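As structure tokens, the structure follows; a few thoughts come after it.
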Amino acid sequence: MSLLEVRGLTTGFMTGSGEITAIEDVSFSLNAGEILGIVGESGSGKSVTALSIMGLLPSPPARLISGEVIFEGQTLTNMSDRQMQTIRGPGISMIFQEPMTSLNPVFSIGEQIMETIRAHERLSPAKLRERAIEMLDKVGIPSAARRMDDYPHQMSGGQRQRVMIAMALACRPRLLIADEPTTALDVTIQAQILDLLMDLRDEFGMAIIIITHNMGVIAETADRVLVMYAGRVIEEAPVATVFDRPLHPYTRGLLECVPSLTEDRARLVAIPGTLPEPTRRPPGCRFSVRCSHAIPACSAALPPLELLEPDHSAACIRALDLAPIRTADLAP
Amino acid sequence: MIRVAIGRLLSALPVLLIVSLISFGLMRLIPGDPAAAIAGISATPAQLAQLRVDLGLDQPLLVQLLRYYEGLVQGDLGRSLLLGKGVFAATMERLPVTIGLSLYALVITLLIGLAAGIIAALRQNSIVDQAAMMFAMIGISVPSFFLGLVMIIVFGVHLGWLPTGGYIPFSQDPLGWLSSSTMPAISLALLQAGLLARITRSSMLEVLRQDYIRTARAKGLPMRQVILKHALANALIPIVTVVGIIVTLLVSGAVVTEALFSLPGMGQLLTQAVLNRDYPMVQGGLLLVTTFLVMVNILVDVLYAALDPRVRYE
Ligand SMILES: Nc1ncnc2c1ncn2[C@@H]1O[C@H](COP(=O)(O)OP(=O)(O)OP(=O)(O)O)[C@@H](O)[C@H]1O
Ligand SMILES: [Mg+2]
């Protein structure tokens, strides 16, 4: 049985011009200890997917329209908020895109870590403090014991994100959702935080969903990848497979955006056009208006996500005509 | 934090100096003669002149001012011309009535204002929210003396639940004090409670949108803790700054309320003093009330620093 099953998740938001669907029919599953990358441009629905799993979207305006989330055999989407409180923390925990604002400015970081543990476990105050210091130490905060009483404003963005990670892992979750954990940080810090996450995964053995719009991050961290576009999953496969033979033209576009280190000049070819707003999605394939391979049939109907090759799904009617040749086939 | 307190104390001194100057100057700008007020209409001009000399009113203004400050430096506020006792003693008889009433009203303001504001924010746009905000609007727009009158008629005259006026000191009979002060305190508090409810609501709404609230929920904290700890600790920061202003407004409002409920407070004392040109009483009374308000505001600043580590560590 997989650790997490997401089936047909569809989440809407009530807006001034009626209800929009931020994500549609999102399905995937994740095994214990596995790392899944979710990749897509800004606005593609990555955060909404994560927050829908956590049950953290403000409702209203958000609403679960259909689908279910099953974690360790329990259907989270049927749970009350009170029941979800026992899942959040020790079951699934999350770190966010914005390290500068995700910590409460008026409580010390030690208190913020300790209250997380306190909410789920009975520990003596001394043990609690010890555990919090241990977590700060693990995420690489120097002289952790002395920094327990520091406030968030006394720390840099990178340090705050480390504190967030310490807090998220304090209850030893089975699944960590990291929503663009490094986007707001500068490049050297980004690499450090990713390394830290990988080390902690090896130590604690939790599964991770890592959300990013950078294919490079996926290549370095994930086992599997889920590509999202305008609220829908458009490709899913093991990372090596996607890098070797991306089936969806959008995925190929994303791969071309990865700055290449082997070439003299970084090939930063952005995909022309922009992601359509939820209210202005084109008919048929949502990528068709930006796709250089689009044919009239593309805008006729929404292409379903189909298993086109072993363990490799994509939502493109021309996928197999256009896909590059597999490297394995090139071998003599 | 102690640095904050000391800094505020030092900056309070010029405030008190200015207030003492203004009250001194203002009293002498309005026409009227204290000697005439004291001696009555039957006094002869010679008696009046003698009285003026006795009171030091024949001296040039500058001399009078210097004498006033000379006294102040020695902790002497002078004697009331009308009451025949020290200004400080006269004030100490009346100030507790006003402060007691204001603090009682403050407690009511905080209870109603914070509760209504928090509940309205948590149930934004619901019936509860709309009802709370409508009551806040009523509290803000109905004059407190009118509210006081209505309460006297309903609860005092018709229902007979509470006395319509008069004062029982707390030290004599705490329950009696409570029953004699409840209507005045409520009529005084409702305006401020309405304002505070609106400020609390918008402050809470602002805080509930913040990322750290989502973090607190993501950690699996109970909703009660998310709201009463994480949200409130932040929402209170802007609220605390207005509490100082609220106390000032309550003390000023108390003057009218005291008249309506015939409570022997500072309002009555100062009104009498102004009408009779009791210069030392007005000057000293105002100075003492101001001192109290300045102290409250220092307390508020210290509280503000205690609530917000970003201020504390500056
Ligand atoms: N509170 C909201 N009200 C209305 N629409 C929303 C709300 N939150 C998100 N959306 C919509 O949902 C869609 C997906 O947003 P989401 O935040 O999941 O994007 P994302 O993939 O995480 O992008 P980014 O890389 O910028 O974080 C967007 O089109 C956005 O307009
Ligand atoms: Mg996002």
Side-chain angles (χ1 to χ4, degrees), chain A residues 47 50-51 53-58 60-61 80-109 111-121 149-154 160 163-164 167-171 173 176-177 179, chain B residues 1 4 118 120-130 200-201 203-241 300-314:
Chain A
S47 295
L51 293 169
I53 294 169
M54 293 290 284
L56 283 180
L57 283 170
S80 66
D81 194 65
R82 189 177 284 266
Q83 289 170 307
M84 274 305 285
Q85 283 161 17
T86 63
I87 302 288
R88 296 182 199 128
I92 313 178
S93 69
M94 185 162 174
I95 53 182
F96 297 96
Q97 217 163 334
E98 309 86 2
M100 298 313 278
T101 52
S102 289
L103 290 167
N104 195 321
V106 308
F107 297 111
S108 69
I109 58 161
E111 169 58 20
Q112 294 188 58
I113 298 173
M114 290 191 293
E115 72 172 353
T116 315
I117 307 168
R118 217 184 284 129
H120 303 286
E121 291 172 46
D149 300 319
D150 279 5
Y151 288 87
H153 74 272
Q154 294 167 297
R160 290 188 208 188
V163 172
M164 279 296 295
M167 212 160 74
L169 298 187
C171 292
L176 172 73
I177 303 179
D179 188 356
Chain B
M1 208 131 59
V4 174
I118 292 171
L122 293 180
R123 303 254 177 282
Q124 194 191 0
N125 298 330
S126 69
I127 302 275
V128 186
D129 179 18
Q130 282 164 8
T200 304
R201 177 179 180 271
S203 178
M204 269 308 262
L205 283 177
E206 176 63 31
V207 167
L208 287 171
R209 269 204 297 275
Q210 300 296 315
D211 292 336
Y212 52 76
I213 296 299
R214 190 180 57 192
T215 305
R217 295 190 59 209
K219 298 196 290 192
L221 301 186
M223 213 48 203
R224 190 166 22 95
Q225 196 177 341
V226 173
I227 289 159
L228 294 182
K229 181 175 173 184
H230 283 264
L232 200 57
N234 284 279
L236 278 180
I237 295 170
I239 292 170
V240 160
T241 57
V300 164
D301 284 341
V302 172
L303 204 60
Y304 180 73
L307 279 173
D308 192 346
R310 288 159 297 188
V311 175
R312 200 170 0 163
Y313 283 82
E314 245 166 32

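Note on naming: letters A, B, ... go to the chains in the order of the sequence lines (proteins, then strands), and numbering restarts at 1 for each one. Values in this document were obtained by computation on a predicted structure and should not be read as measured data.
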Quick one: which of A/Val163, A/Asn104, A/Asp149 gives a side-chain contact (heavy atoms from CB on, under 4.5 Å) with A/Ile109? A/Val163
Residue [X] versus chain B: region with a heavy atom under 4.5 Å:
{"X": "A/Met100", "answer": "neither"}
{"X": "A/Ile87", "answer": "neither"}
{"X": "A/Leu103", "answer": "backbone"}

Can you tell me if B/Thr215 uses its side chain to pair, donor with acceptor, with the backbone of A/Ser102 under 3.5 Å? yes
Nearest heavy atoms of A/Tyr151 and A/Pro105, plus distance in Å: CD2-O, 3.8 Å
How far apart are the closest heavy atoms of B/Pro238 and B/Ser203, and which atoms are they? CG-OG, 3.3 Å
Salt bridge flag under 4.0 Å for residues A/Arg118 and A/Glu111: yes
Is it the backbone or the side chain of B/Ile213 that comes under 4.5 Å from a heavy atom of chain A, or both, or neither? neither
B/Gln225 versus chain A, the contacting section by heavy-atom distance below 4.5 Å: side chain
Residue selection (most heavy-atom pairs with chain A, distance under 4.5 Å) from B/Leu221, B/Leu307, B/Asn125: B/Leu221
Does the side chain to side chain contact (heavy atoms under 4.5 Å, CB included) test come out yes or no for B/Asn234 and B/Gln210, once each step is laid out? CA-CA 10 Å; B/Asn234 284 279; B/Gln210 300 296 315; over 6 Å; no
With chain B, the option among A/Gln97, A/Met84, A/Arg82, A/Glu98 that has the most non-hydrogen atom pairs under 4.5 Å is A/Glu98
